[in-house]
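Some notes on the structure that comes next.
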Amino acid sequence: LEKLSEYGNALKARGPELGLQDLDVSLKLDRPELRAEIDRARAADLGIRTADIAASLRLMVGGDEEVTRFRDRAANQDYDVQLRLDERDRGDISKIERLYVPRANGELVRLDSVVNLVSQESPSRVDRLDRQRQISVRGGIKEGYALADRIAALRGAAAQLGMPPAYTVSVAGRGRELERTFVEFGWAFLLTVVFMYIVLASQYESLLHPLIILLSLPLSVPFALLSLWLTSTTLNLYSALGILVLFGVVAKNAILQVDYARNLRMQNVELRTAVVQASRDRLRPILMTTLALVGGMLPMALGTGPGAEERRTIAVVVIGGQTLSLFLTLVVVPVVFYLVESAQERWSTARTAVQEATLSA
């Protein structure tokens, strides 16, 4: 416990430089106590058992809540009789040492003949996790810092303490939930992209066109983070949910462009003409759906009341990310589609020429 307290207070002392405030340590070695050190050899010579010493100290210092019962006949009421030294006596070491303990033959011996009382300080409580003693360092984050990077800084400071291998450091509370949430959201983002690719590949019967559509997803993430920065909002659970919603909306715009251009190509429209016509004809529905989404998110972004801060984060990510990335995706997706289709045409032409040359030979 002493080492745990030392390590905990060392982290507490470094709190201000780590961007933390109002730090507190759960383990406090400030509770005064008297420790009874028994001279076991002398106690054995006098025929005094350790259990008798413990019982005497418990009875006089700790107290016994029901020694007997007293019957008040006038009030027709029974009362429990409690036995304990007076407060001023049980706080005086010299008086406790004058207590008597019984020997095996029934005689009484003064407590200080076999016991040495030592004043010490002990913890008021001992916390355990998985049957191991633990100490908690709790605190808040200073303004201008984020929870995730402060957890990383705190882990680095704990590693610099040089604790033995038997000691471990773990994150609890909001920090633990944050780490677990972002791990789960990492898998959610990955599975989102995989499932979207599988569905698009099965619909288009192509492995390249879904990649063109999914190219718009990474383009929207920087704009989503930029919108969080412009509004002084943190990246948290709700903003991660907003990014998931943003993925669906941005992919929808790319699908409108690519699908229409593919249909024109199937009608033997020249590639450049198909790309320009698809961009022009699909601009209006893309703007309509985008404005409808932004308008629908505005009440959430401007709302007040309980929980408004969390809901506002989702709206900020969707509105900012979709609006800022719209103009980039309107340009990038057609250009990439044109480059991919041109490369496919050249490859097909070159392969046909090689086959014809082989047949001629």
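Note that the structure is a prediction, hence the values are computed from the model and not measured.
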Practice task
Please assess V25 against I135 for the test side chain to side chain contact (heavy atoms under 4.5 Å, CB included), listing each intermediate value before the final yes or no.
Solution key: CA-CA 7 Å; V25 179; I135 178 174; 3.0 Å; yes
Exercise for the section: Start with the C-alpha distance between D89 and K95, add both sets of side-chain angles, then the distance that settles salt bridge (charged side-chain N to carboxylate O under 4.0 Å, His left out), and finish with yes or no. Expected result: CA-CA 6 Å; D89 294 328; K95 293 184 178 180; 2.8 Å; yes
Exercise for the section: For A254 and V333, work out which heavy atoms get closest and say how close. Expected result: CB-CG2, 4.1 Å
Practice task
Would you tell me whether H209 and E341 have side-chain atoms, one donor and one acceptor, within less than 3.5 Å of each other?
Solution key: yes
Fill in the blank from the handout: Between the OG atom in S170 and the CZ atom in R155, the distance rounded to the nearest 0.5 Å is 7.5 Å
Practice task
Heavy atoms only: give me the nearest L11-A158 pair and the separation to one decimal.
Solution key: CD2-N, 3.8 Å
Problem - Working for side chain to side chain contact (heavy atoms under 4.5 Å, CB included), residues I96 and L57 - result: CA-CA 8 Å; I96 296 177; L57 289 174; 4.1 Å; yes
Handout entry: Criterion side chain to side chain contact (heavy atoms under 4.5 Å, CB included) on L225 and V317, from CA distance to verdict
Key = CA-CA 7 Å; L225 300 179; V317 171; over 6 Å; no
Completion exercise
Here the gap from E107 atom CD to I48 atom CD1, rounded to the nearest 0.5 Å, amounts to 10.0 Å
Problem - Non-hydrogen atoms of P334 and S279 that approach each other most closely - result: CG-OG, 3.4 Å
Exercise for the section: Walk me through it: do D112 and R98 pass the test salt bridge (charged side-chain N to carboxylate O under 4.0 Å, His left out)? Expected result: CA-CA 7 Å; D112 56 2; R98 294 201 299 268; over 6 Å; no
Practice task
Classify the ring geometry between Y167 and Y7 as parallel (under 30°), tilted (30 to 60°) or perpendicular (over 60°).
Solution key: perpendicular
Practice task
Go through the side-chain N and O atoms of T50 and R40 and say whether any donor and acceptor fall under 3.5 Å apart.
Solution key: yes
Handout entry: Residues, nucleotides or ligands: over 12 heavy atoms within 6.0 Å of R128 CZ
Key = yes
Practice task
For R49 and I53, indicate whether the former's side chain and the latter's backbone hold a donor-acceptor pair under 3.5 Å.
Solution key: no
Completion exercise
Between A274 and V269 the two heavy atoms that sit nearest each other are N-CG1, 3.8 Å
Problem - Salt-bridge contact R71-D78 (side-chain N to carboxylate O under 4.0 Å) - result: yes
Exercise for the section: Indicate yes or no for a side-chain donor-acceptor contact from Y260 to the backbone of Q277 under 3.5 Å, with no hydrogens or angles considered. Expected result: no
Exercise for the section: Dump the intermediate steps for side chain to side chain contact (heavy atoms under 4.5 Å, CB included) on R265 and R262, then the final yes or no. Expected result: CA-CA 5 Å; R265 290 289 293 154; R262 287 183 74 256; 5.5 Å; no
Problem - Distance-only side-chain donor-acceptor flag, D52 / S56, under 3.5 Å - result: no
Exercise for the section: Let me know which of I213, N253, L200 forms a side-chain contact (heavy atoms from CB on, under 4.5 Å) with V258. Expected result: I213
Completion exercise
Closest non-hydrogen atoms of L161 and A10, given as atom of the first, atom of the second and distance, are CD2-CB, 3.8 Å
Handout entry: Test item: S113 side-chain N/O and V109 main-chain N/O as donor-acceptor pair under 3.5 Å
Key = no
Problem - Closest approach of F337 to L271 (non-hydrogen atoms, all atoms of both residues) - result: CE2-CD1, 4.3 Å
Handout entry: Neighbour count above 12 (heavy atom, 6.0 Å) for R35 CZ
Key = no
